[in-house]
Number of protein chains: 2
Amino acid sequence: MLETITPMKTAEAREALLESARKHEPEKRGRKASKEVRQLQLIEATIDSLAKRGYSETTMADVADGAGLSRGIVNFHFESKEKLLVATLAYMADEYAAHWRAALTKAGDDPARQLQALVAADFDRSICNKRKLAAWCAFWGEAKSRPTYQALCGARDAAYQKVFIDLCATLKQSGGYAFEPQVMALALSAMLEGLWLRLMMGTEDVTRETALQAANEFLSSAFPKHYPWPTAGSDKAA
Amino acid sequence: MLETITPMKTAEAREALLESARKHEPEKRGRKASKEVRQLQLIEATIDSLAKRGYSETTMADVADGAGLSRGIVNFHFESKEKLLVATLAYMADEYAAHWRAALTKAGDDPARQLQALVAADFDRSICNKRKLAAWCAFWGEAKSRPTYQALCGARDAAYQKVFIDLCATLKQSGGYAFEPQVMALALSAMLEGLWLRLMMGTEDVTRETALQAANEFLSSAFPKHYPWPTAGSDKAA
DNA sequence: CATCATTTGTTGAACATTCATTCAAAATGG
DNA sequence: CCATTTTGAATGAATGTTCAACAAATGATG
């Protein structure tokens, strides 16, 4: 009955919703804009549910409730639960890709800066928060037995792996390192994902800052000429 | 708290039971297996189902069918589906811990050998195969919203993290490295888990051998004095 | 050893619940 | 007034659990 805007969940979700709405619809055309906004609203509610209840406990009813809408609405905007989840994963993959590319562009032309920027981007607040990480992990857990998820998660990796390999090869040239670029790139990207996993679990006292620190120590170890260790002069409290 | 029937047997006795459990008896039904064997049989069937269908699609009926038994049997040996899954995770965690400790013991007293042995153990065939990795990942995906899973997965990490830290600290001493042991240990363990994730996905051409190679390159980068790079003479297949 | 009683393990159908989907009706907006 | 969107109850399928009956092992008794 009351059509007042239902209170958006987190400020974060609201921000993402509005930003995406602007991005996808530069010139709002009434009905269509409303439709897209509603879809994003449902996708955000899906991420919330995945983070809060896990994949296996995420229900259509919970998504609809989370969005403050009625039960049947999801099957109207998305044909089925399966398609809603695929759309959610695609949304997160797109968001990640955009963030990743932006970081790469912003880093300029120096390969060393580029690599560091890509690593740091993985731990940016907008990408790396418990809510999104939990959703990613929920999909990972199902990816093995779902080709569609596997493809979307795989696309996330494969496209970036080549850039990592090229950067490793370039730095190897200029630094005279002994590693194999392909192998080192695999180790690097695996470590980034592993740190995400650790952050998601959240059992230990691993924070975004700690994780980024670990990633940077990896860079200093693998590319000492490009990322020199901080000198003893700086503080190093345990 | 939930101390289900987890017989702390020796590795040999456990292996014998497992072998009996894996055996598929085409003979007529009837009780011809001890309680422990039947439980292991059901746990193995659960791992199969998790690997084949994923967590959310794993049903009691599928587990029973996979074990070649009737529908109601699981609720007899395990009280509920939830407890079956907890027992399965506990079983895998125990198996991993035993394998890990055995590798550490077998490595002798040299810290460098110990660390390398622990890394290599993670990619041993008995532990690191698609079936088990898929099951692990299925639990990871649900761990965020399930304290019990989180505790069991967390125990897997926390106990070993300290050993990693100590080994890193020791090697730092003898090698004069600049890293912070805690941070390097985090990077190392995260990379190992990330490689597992990559292996599980199985999209790229990442094999157990490739993954181990990446882990060893990490060791060579972080501890160059202890794990020197292979000279140009050795093979380096792409 | 034979027979019976008891415990233990197993079955499969019945039951209750949860949940995705459908759809007719109502609401909304142009 | 028409097209579009939303609602909420109805529906049917899937699934975890229960349970009464049954079968096999074990033990007791003569």
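Values in this document were obtained by computation on a predicted structure and should not be read as measured data. Every chain is numbered from 1 and lettered A, B, ... according to where its sequence line falls, protein lines coming before strand lines.
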Out of [options], whichever nucleotide has its closest atom nearest the side chain of [X]:
| X | options | value |
| --- | --- | --- |
| K35(A) | dT10(C), dT5(D), dT15(D) | dT5(D) |
| S80(B) | dG16(D), dT11(C), dT17(D) | dT17(D) |
| H77(B) | dG8(D), dT17(D), dT10(C) | dT10(C) |
| T59(A) | dA20(C), dG8(D), dT10(C) | dA20(C) |

- [ ] Decide yes or no on side-chain hydrogen bond (donor to acceptor under 3.5 Å, both in side chains) for E82(A) and S80(A), but give the supporting numbers first.
- [x] CA-CA 5 Å; E82(A) 176 65 22; S80(A) 64; over 6 Å; no
Rounded to whole angstroms, how far apart are [atom1] on [X] and [atom2] on [N]?
| X | N | atom1 | atom2 | result |
| --- | --- | --- | --- | --- |
| R38(A) | dT4(D) | CZ | P | 17 Å |
| N75(A) | dT5(D) | CG | P | 15 Å |
| I73(B) | dT18(D) | CD1 | P | 14 Å |
| L69(A) | dA27(C) | CG | C1' | 14 Å |
| L84(A) | dC19(C) | CG | P | 16 Å |
| D65(B) | dG12(C) | CG | P | 11 Å |
| L42(A) | dT5(D) | CG | C1' | 12 Å |
| E57(A) | dA14(D) | CD | P | 20 Å |

Task: Between S56(A) and R146(B): side-chain donor-acceptor atoms closer than 3.5 Å - done: yes
Task: E57(A) side chain to S145(B) side chain, donor-acceptor N/O pair below 3.5 angstrom - done: no
TODO: Would you tell me if any nitrogen or oxygen in the side chain of R71(A) comes within less than 4.0 Å of OP1 or OP2 on dA10(D)?
DONE: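 No, because none of the side-chain N or O atoms of R71(A) sits under 4.0 Å from OP1 or OP2 of dA10(D).
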Open item on the list: If you count every heavy atom of other residues, nucleotides or ligands that lies below 6.0 Å from Q182(B) atom CD, does the total exceed 12?
Closed with: no
- [ ] Step through it carefully: locate the ring centre of W136(B), locate the ring centre of Y91(B), and say whether they are under 6.0 Å apart.
- [x] no
Task: Residue whose closest nucleotide on DNA chain C lies nearer the 5' end, F76(B) versus M60(A) - done: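 Nearer the 5' end of the strand: F76(B).
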